[in-house]
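Below: the structure, in structure tokens.
Index from 1, following the sequence.
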Amino acid sequence: NISMATTGNVNQMKIPYAVLSAMTNNFHETHFLGKGSFASVFKGEPQLVLSRNNIDLSSNPGLLKFLKGLPAEVAVKRDLRELGELPANSTPKERTHKLYMDQADRNEATICSKYRHQYLCSLVALCNEDGPHRCLVFEICNGGNLFDALHPELAKPGDGPPRPIL
């Protein structure tokens, strides 16, 4: 059963890239969870932001409250596609591709914020900066990765503990 989320308003879940960077220790390899075709996923720890004084949260009490309400660990999906501003002399094909990718990112955020399902991780936040800083923040779900769940016959013995499903 797929249900609509009552709090699925993408506009209320925006978070600065600097905060995501701090939560993942600057996207350090020790926080790396996995990589797909278009994104890498890192473990984010809101406590890293709250316990250090490297980001001033006093000017944004809403963000401070939001971070305090997050789980101890979240999954930060950072887009690998560098889709910053296009140069003035960009080709029609480049402009079309950027528009397509912008729409794909908006669709993912909208769908993941609106719907709840046992096989769909909940969207917690998204990066509110344009340019190359495209990130989505999800809850961490245990049980292995999606590929292994879809193809259990291909799982190799001794692969280690299951990775989070994102």
Side-chain angles (χ1 to χ4, degrees), residues 4-88 90 94-117 119-142 145-146 163-166:
M4 292 290 287
T6 56
T7 59
N9 185 349
V10 174
N11 294 321
Q12 294 177 352
M13 301 180 293
K14 294 184 176 179
I15 191 167
Y17 184 80
V19 171
L20 296 179
S21 183
M23 284 174 47
T24 60
N25 200 16
N26 201 27
F27 297 97
H28 193 269
E29 64 185 33
T30 57
H31 286 251
F32 181 79
L33 294 175
K35 181 178 176 184
S37 299
F38 299 109
S40 291
V41 181
F42 296 83
K43 176 178 66 174
E45 299 173 90
Q47 192 59 38
L48 291 177
V49 178
L50 297 171
S51 64
R52 297 178 183 168
N53 293 327
N54 54 349
I55 295 180
D56 180 22
L57 298 172
S58 62
S59 63
N60 192 340
L63 178 59
L64 178 61
K65 182 179 178 183
F66 177 76
L67 289 173
K68 287 181 177 180
L70 286 177
E73 293 181 346
V74 293
V76 179
K77 179 181 173 185
R78 184 174 69 169
D79 202 324
L80 296 173
R81 300 163 292 178
E82 293 293 328
L83 296 174
E85 295 302 312
L86 290 172
S90 61
E94 289 171 328
R95 288 190 298 274
T96 301
H97 178 72
K98 182 176 182 337
L99 288 173
Y100 172 78
M101 297 316 295
D102 287 345
Q103 186 61 48
D105 290 340
R106 279 193 298 276
N107 288 345
E108 181 178 10
T110 300
I111 289 169
C112 290
S113 67
K114 280 187 178 180
Y115 299 101
R116 298 289 179 257
H117 188 272
Y119 298 118
L120 185 65
C121 290
S122 296
L123 181 69
V124 175
L126 56 98
C127 182
N128 65 349
E129 298 174 10
D130 291 329
H133 304 303
R134 297 171 180 270
C135 297
L136 297 175
V137 182
F138 292 92
E139 67 179 343
I140 288 186
C141 300
N142 294 318
N145 65 50
L146 180 58
R163 295 172 285 176
I165 293 179
L166 302 174

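Closest approach of I15 and F66 over heavy atoms only: CD1-CE2, 4.3 Å. Contact detail for L64 and L50: the closest heavy-atom pair is CD1-CD2, 3.5 Å. In this structure, L136 and L123 approach most closely via the heavy-atom pair CB-CD1, 3.9 Å. Taking every heavy atom of both residues into account, A72 and P46 meet most closely at O-CD, 3.4 Å. When every heavy atom of V124 is checked against every heavy atom of E139, the shortest pair comes out as CG2-N, 3.5 Å.
One distance of note links CZ of F32 with OG of S40; it measures 5.0 Å at 0.5 Å rounding. Taking CD of E45 as the start and CG of N25 as the end, the distance is 8.5 Å to the nearest 0.5 Å.
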Might you work through the side-chain contact (heavy atoms from CB on, under 4.5 Å) test for V41 and K35, ending with a clear yes or no?
CA-CA 6 Å; V41 181; K35 181 178 176 184; over 6 Å; no

Start with the C-alpha distance between H31 and M23, add both sets of side-chain angles, then the distance that settles side-chain contact (heavy atoms from CB on, under 4.5 Å), and finish with yes or no.
CA-CA 9 Å; H31 286 251; M23 284 174 47; over 6 Å; no

Let's go through L70 and V137 carefully: what are the C-alpha distance in whole Å and the side-chain angles of both, what is the deciding distance for side-chain contact (heavy atoms from CB on, under 4.5 Å) to 0.1 Å, and is it a yes or a no?
CA-CA 11 Å; L70 286 177; V137 182; 5.7 Å; no

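Counting heavy atoms from C-beta on, the side chains of F27 and V76 come closer than 4.5 Å. Taking 4.5 Å as the limit, some side-chain heavy atom of P16 sits within range of a side-chain heavy atom of L63.
A donor-acceptor pair is defined here as one N or O able to donate and one able to accept, closer than 3.5 Å; such a pair exists between the side chain of T24 and the backbone of L20.
Here S59 pairs with nothing under the side-chain hydrogen bond (donor to acceptor under 3.5 Å, both in side chains) rule; sequence neighbours left out.
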